[in-house]
Protein chains: 2
Amino acid sequence: MSRQRTAQKPSITRNKSSGTQRLEALRKFNANTRGAIRESNEMRLLQAAETVFAARGFSGATTAEIATRAKLPKANLHYYFRTKAELYRAVLANVLELWLDELDRFTSDREPTEAIAEYVAAKLNWSRKRPNASKVFANEVLHGAPFLKAYLSNDLRRRVEDKSEVVRHWIAQGKMRPLDPKHFFFQLWAVTQHYADFDVQVRAVLGRGRLTDQDFATAAENITALILHGCLVPARTRPA
Amino acid sequence: MSRQRTAQKPSITRNKSSGTQRLEALRKFNANTRGAIRESNEMRLLQAAETVFAARGFSGATTAEIATRAKLPKANLHYYFRTKAELYRAVLANVLELWLDELDRFTSDREPTEAIAEYVAAKLNWSRKRPNASKVFANEVLHGAPFLKAYLSNDLRRRVEDKSEVVRHWIAQGKMRPLDPKHFFFQLWAVTQHYADFDVQVRAVLGRGRLTDQDFATAAENITALILHGCLVPARTRPA
DNA sequence: GCCGAACTTGACCATTTGGTCAGATCATCG
DNA sequence: CGATGATCTGACCAAATGGTCAAGTTCGGC
């Protein structure tokens with residue numbers, strides 16, 4: 001009920017109220033580009049949170065550690081994100097934005113070889129550049145997706161349904177072996193995200209302190225070769 | 001210093017002391033087959049712990065919930081396992097026992113086709129029968145393997161090193177495509193464990209309440225086909 | 001330079017949780 | 001049986017942690 005609570009997070013989606021009030025909100029919203037301070041602090045918090053949630057999971061993460069990492073006092077964190085859960089949700093939303101769209105590369109008019117190779121490269125690239133994002137997501141799903149169940153069952157499911165159609169098309173064209181499209185996507189996800197989520201294991205086995213660009217290049221080559229040989233119908237050897 | 005603490009966990013590895021004491025310990029150790037009660041209660045606790053750790057992670061799990069699930073009072077849990085960490089370690093040890101050995105199927109004298117197909121089937125089978133074991137392990141690695149780092153860098157690493165040699169042998173024989181053996185193992189692990197660790201996602205996409213035997217059969221077929229086509233050198237088509 | 005709103009923060013609090021303990025009960029063996 | 005150690009357990013505690021709050025300070029528009 002305090003000032004902060006009602007004023008917080010001026011969002012376009014909040015209750016429409018009287019015209020003047022709406023106008024005023026909009027003005028402020030545009031005026032300072034949505035609050036430069038807010039923008040910057042939310043950013044810092046989100047980034048710190050991603051790191052800490054990735055390292056410790058939802059329950060293991062403490063708002064104190066996140067705040068410290070963001071170089072803000074804990075009370076300040078709770079000014080921008082009422083609860084730990086709200087902050088976590090925000091981090092997840094960020095992550096989904098990344099994940100969501102690489103699938104768009106799959107369209108009927110393309111060659112599966114290219115689409116798949118690009119997809120593998122793109123996902124693997126995220127695993128290298130944003131391993132923490134991947135880990136937060138993995139952790140969420142691993143523990144039953146308490147925050148993402150709806151997303152998985154709706155958005156993601158539909159998306160995969162769609163793209164499965166494309167794969168079936170390629171199969172019908174004789175370009176891909178007859179495989180189950182959904183399981184095919186599972187396999188793509190599994191091999192690409194492995195390098196982010198299980199990096200400790202990968203590093204231990206490879207004997208590396210951290211994965212180098214070279215390691216990722218090798219991974220990309222191996223995955224691409226395996227997947228492409230695995231799912232494509234080999235170009236017909238010209239009849240003798 | 002209390003009675004319980006010193007008497008707890010009569011293990012063969014504890015300090016050798018006076019001859020009579022040693023004898024007495026041994027007698028009891030054999031007498032009631034290592035304490036039927038202890039055996040049974042530790043079992044119940046380990047099983048409950050596996051479930052709870054899988055669902056909530058190390059930090060999220062509470063000894064209270066584990067105890068409740070095992071139908072024992074919390075104090076009793078702490079009688080058998082001094083700390084949550086000790087219980088967790090015990091669960092992990094259990095899990096590793098499962099994981100450890102499927103790799104033994106890889107020996108130079110076998111055909112890669114068979115070894116790989118069997119390995120995939122075996123791992124996938126564990127994902128179906130002991131998903132919680134897989135999840136506990138995944139969670140541990142995901143969060144930096146604070147308890148397993150040593151195991152990964154030593155036992156596992158050596159094991160993979162060994163088995164890589166076998167794969168190289170197969171490659172030299174012209175039975176497998178020239179691929180990086182270690183990355184090949186990563187890919188095997190990734191696709192097979194995915195069905196345990198990310199089952200919520202898999203279920204959401206497939207629209208299932210739970211994964212059926214049929215789902216696992218389909219998964220097995222798809223994975224095996226993908227991997228085998230992906231890594232084997234196709235039988236030479238008889239020269240025309 | 002003034003005003004209201006946005007932001008900051010140290011101090012505080014209620015709850016949760018891992019772990020302890022002392023005393024009661026039970027099992028077994030001579 | 002009776003003794004001895006294993007097992008059990010309700011009551012308790014200290015520390016950690018998410019979240020609150022009231023009293024500030026700063027900012028942006030007028």
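Values below: every heavy atom of this structure, side chains too, minus hydrogens, waters and symmetry copies. Below, chains carry the letters A, B, ... as their sequence lines are ordered, and counting in each starts from 1. Fair warning: this is a prediction, and the values are worked out from it, not measured in the lab.
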K.L.:
Tell me every residue that passes side chain to side chain donor-acceptor pair (under 3.5 Å) with B:T63, counting only those two or more places apart in sequence or in another chain.
P.N.:
none

K.L.:
Are any of A:R38's side-chain N or O atoms less than 4.0 Å away from OP1 or OP2 of C:dC7?
P.N.:
yes

K.L.:
Please give, in whole Å, the distance from C:dG18 C1' to B:Y88 OH?
P.N.:
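That distance rounds to 17 Å.
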
K.L.:
B:K71 has an atom NZ; how far is it from atom P of D:dT7, in whole Å?
P.N.:
22 Å

K.L.:
What is the distance from CG of B:L87 to C1' of C:dT17, rounded to the nearest Å?
P.N.:
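It works out to 15 Å between those atoms.
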
K.L.:
Using the side chain to side chain donor-acceptor pair (under 3.5 Å) criterion, which residues pair with B:T192? Sequence neighbours excluded.
P.N.:
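For B:T192, no residue satisfies side chain to side chain donor-acceptor pair (under 3.5 Å) once neighbours in sequence are set aside.
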
K.L.:
With sequence neighbours left out, write down each residue that passes ring pair (Phe, Tyr, Trp, His ring centres under 6.0 Å) with B:W189, or none if nothing qualifies.
P.N.:
B:F186

K.L.:
Report the residues that fulfil side chain to side chain donor-acceptor pair (under 3.5 Å) with B:E140, sequence neighbours left out, ordered by chain and then residue number.
P.N.:
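Listed in chain order: B:Y88.
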
K.L.:
Before accepting this row, confirm whether a basic side-chain N of the pair B:E102/B:K123 lies closer than 4.0 Å to the acidic partner's carboxylate O.
P.N.:
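Between B:K123 and B:E102 there is no salt bridge, as every charged N stays at least 4.0 Å from the carboxylate O atoms.
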
K.L.:
Between B:E86 (CD) and C:dG18 (P), how many Å, whole number?
P.N.:
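It is 15 Å, rounded to the nearest whole Å.
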
K.L.:
Could you pull out all residues at least two apart from A:F184 that satisfy ring pair (Phe, Tyr, Trp, His ring centres under 6.0 Å)?
P.N.:
none

K.L.:
Is there a side-chain polar atom (N or O) of A:Y79 under 4.0 Å from OP1 or OP2 of D:dT20?
P.N.:
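Checking A:Y79 against D:dT20: no side-chain N or O falls below 4.0 Å of OP1 or OP2.
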
K.L.:
Please give me every residue in residues 135-143 of chain B whose heavy atoms get under 4.0 Å of an atom in DNA chain D, ordered by residue number.
P.N.:
none

K.L.:
Quick one: list whatever passes ring pair (Phe, Tyr, Trp, His ring centres under 6.0 Å) with B:Y119, sequence neighbours left out.
P.N.:
B:F106

K.L.:
May I have the distance from B:E42 (atom CD) to D:dT7 (atom P), rounded to whole angstrom?
P.N.:
9 Å

K.L.:
Name all pairs fulfilling the side-chain hydrogen bond (donor to acceptor under 3.5 Å, both in side chains) condition that reach into residues 143-154 of chain B, sequence neighbours left out, sorted by first residue then second.
P.N.:
A:N139-B:H143, B:N139-B:H143

K.L.:
Round to the nearest Å and state the distance from B:R44 atom CZ to D:dC8 atom P.
P.N.:
9 Å

K.L.:
Starting at atom CG of A:N41, determine the distance to atom P of C:dT9, rounded to an integer number of angstrom.
P.N.:
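Computing the A:N41:CG to C:dT9:P distance gives 9 Å.
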
K.L.:
Which letters describe nucleotides 10-18 of chain D, given B = protein heavy atom under 4.0 Å from base, S = only from sugar-phosphate, - = neither?
P.N.:
B------SB

K.L.:
In a check of side chain to side chain donor-acceptor pair (under 3.5 Å) between B:K135 and each of B:D197, B:D199, B:T51, which one passes?
P.N.:
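Among B:D197, B:D199, B:T51, the one meeting side chain to side chain donor-acceptor pair (under 3.5 Å) with B:K135 is B:D199.
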
K.L.:
Nearest whole angstrom, please: distance from the C1' of C:dC7 to the CD of A:E39.
P.N.:
15 Å

